[in-house]
Amino acid sequence: MPELPEVEVTRLSFADRIAGAHILSVRMGKSLRWPLQCDPAALVGRQVITVRRRGKYLIVDLNVGHLLVHLGMSGSLSFGTELPPAGRHDHFDMQTSQGQLRLNDPRRFGAVVVVSGEEDPTFLKLLGKLGMEPLSDDFTVQRFQLGLKRRKAPIKQVLLAGDVVVGVGNIYASEALFRAGIRPTRSANTIGQQRVAILYHAIRSLLEQAVQAGGTTLRDFSNAQGATGHFQLQTQVYAREGQPCPVCGSRIRAIRQGQRSTFFCPVCQKS
DNA sequence: AAAAGCCCCTGGATGC
DNA sequence: TGCATCCAGGGGCTTT
C-alpha cells in the first residue's frame, strides 16, 4: 500500500503533533514482521523529538534511541487523543502525553523496531543500503544515470529494488515509466541519457504531486488523521489493463515482473 | 556483485 | 452458501 508519498503524507499528518510528547505506555499486540527488540516498558518516560522519513521507513527520534516504523503493504498509522479501543488489527499502541500513536496492519508485513542509534546493527541492516532520496538534492540526473549504468535488469525492477533510488513502489514505477515513455522491461543500463533525464523528472514530479494530493488511496490508505488521498484520480496506467491509454487510446497492457504486476501502454512505451 | 525466487500474512474478489 | 484460487500498494533472505 504505502509508497514514498503515502509514508511522507503520514509523517506530515502527525509529526508536529507528536513532537515533544512523553511516552506514557506502549502495547504490542500480535507480532509484526519483527519483534520490537526492546521491552515496551523501557520506552516509558522517553520523549519524542521529531519524525523523519528514509525511503518508506519512518524514523521517530526519541531523546534516547529511535523507533523505526514501516507500513508494509497494509499498514496505516493513527495519531489522536480519542482513538477507539484497539481492534483486531491494531498491533502497536503508544500512549503519549500528546496523544496516542497506533499502527493498524491487517497483513502484518509492517514493523515497529527500537534501535539505539544510527550505528545500531538493525538500523544499518534496514536502512544502510538504501538508494538516493528522490526528492532530495542528492538525487541528480547524473547520479541516477550512474546508478542505472551498472544494472542490466529491467528498469521497472531496478526502480522497485530501492538501491538506486528509494520510495518508488509498484504504482509509481508503472506511472513514472509511462510518463517517460519507457518500456518497463527495458534493461536499465541501455536507456539513453535523454530518456534517463526524462525519467528522473517524471519520478520527481510524480512523487511531489502525489504528496500534494495526499497520497494514493486504492482501497484503504489514510494518513494519521484518517484522511484519504486522491492521487489515484491522476494515475494513467496502474490497474487499468484493457482501458484506453489516455494519450494514444491503445489498450493498456499488464505483465508480471518479479511476482508483481506492471502496467504500460505498448504504443507510448515502444521500448 | 547482481539477479531471481521465496516467503511472511490477511482479506477481498472471482469462479465453480 | 461453501470452498478453492488468485491477487494485493513491500522487502528481507536465500539461492543461483
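Lettering follows sequence order; numbering is per chain, from 1. All figures in this text were calculated on a predicted structure; none of them were measured in a lab.
Ring geometry, A:F263 versus A:Y238: the interplanar angle exceeds 60°, so the pair is classed perpendicular (tilted spans 30 to 60°). Relative ring orientation between A:F123 and A:H66 is described as tilted, the plane-to-plane angle lying within the 30° to 60° band.
For C:dG10, one of the phosphate oxygens OP1 or OP2 lies less than 4.0 angstrom from a side-chain nitrogen or oxygen of A:R260. Look at A:R88 and you'll find a side-chain N or O under 4.0 angstrom from OP1 or OP2 of B:dG11. A sub-4.0 Å separation between OP1 or OP2 of C:dC7 and a side-chain N or O of A:S261 is absent.
No path of Ile, Leu, Val, Met, Phe, Trp and Tyr side chains, each step under 4.5 Å between heavy atoms, connects A:M73 with A:L126, placing them in separate hydrophobic clusters. Note on A:M94: it does not cluster hydrophobically with A:I59, by side-chain heavy-atom contacts below 4.5 Å among ILVMFWY residues. A:V237 and A:L160 fall into different hydrophobic clusters, where Ile, Leu, Val, Met, Phe, Trp and Tyr residues are linked whenever their side-chain heavy atoms come under 4.5 Å apart, directly or through other members. Hydrophobic clustering (side-chain heavy atoms under 4.5 Å, transitive across Ile, Leu, Val, Met, Phe, Trp, Tyr) groups A:Y200 together with A:L159.
Atoms CG (A:L218) and C1' (C:dC7) sit 13 Å apart, rounded to a whole Å. Distance, A:I255 CD1 to C:dC7 P: 14 Å, rounded to whole Å. Taking atom OH on A:Y238 and atom P on C:dC7, their separation rounds to 12 Å, with Å as the unit. Atom NZ of A:K129 and atom P of B:dA3 are 15 Å apart (whole Å). Per the geometry, CG belonging to A:L160 stands 9 Å off C1' belonging to C:dG10, to the nearest Å. What separates NZ of A:K149 from P of B:dA2 is a distance of 15 Å, to the nearest Å. Following rounding to the nearest Å, A:M73 (CE) and C:dC6 (C1') show an atom-to-atom distance of 13 Å. In this structure, A:Q257 places its CD atom 13 Å from C1' of B:dA4, rounding to the nearest Å.
Remark: the backbone N or O of A:K129 is not paired with any side-chain donor or acceptor of A:D163 at under 3.5 angstrom. In this structure a side-chain-to-backbone donor-acceptor pair under 3.5 Å is missing from A:N223 to A:S13. Side-chain N or O atoms of A:H91 include none that pairs as donor or acceptor with a backbone N or O of A:G29 at under 3.5 Å. A donor-acceptor pair under 3.5 Å is absent between the side-chain atoms of A:R102 and the main chain of A:S78, judged by distance alone.
Both thresholds, 5.5 Å between centres and 30° between ring planes, are not jointly met by A:F109 relative to the base of C:dG11, so the two rings are not stacked.
Each of A:Q259 and A:V158 was matched to the nucleotide of DNA chain B holding its nearest heavy atom; the match closer to the 5' end belongs to A:V158.
Side-chain proximity of A:R108 to B:dA4, B:dC9, B:dA3: nearest is B:dC9. Across B:dA3, C:dA8, C:dG11, the shortest atom-to-atom separation from the side chain of A:K56 is found for C:dG11.
Nucleic acid contact for A:Y172: none, since no nucleic acid atom lies under 4.0 Å from a heavy atom of the residue.
Applying the 3.5 Å distance criterion, the base of C:dA8 shares a donor-acceptor pair with the side chain of A:R107.
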Show the distances under 3.5 angstrom between N or O atoms of the protein and N or O atoms of nucleotides 12-16 of chain C.
residue : atom : partner : partner atom : Å
C:dG12  : OP1  : A:Y57   : OH           : 3.0
C:dG12  : O4'  : A:R33   : NH2          : 2.8
C:dC13  : OP1  : A:K125  : NZ           : 3.4

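Base-pairing analysis of DNA chain B finds the following stems of at least three consecutive Watson-Crick or G-U pairs, with both pairing distances under 3.5 Å: B:2-8 with C:10-16, B:10-16 with C:2-8.
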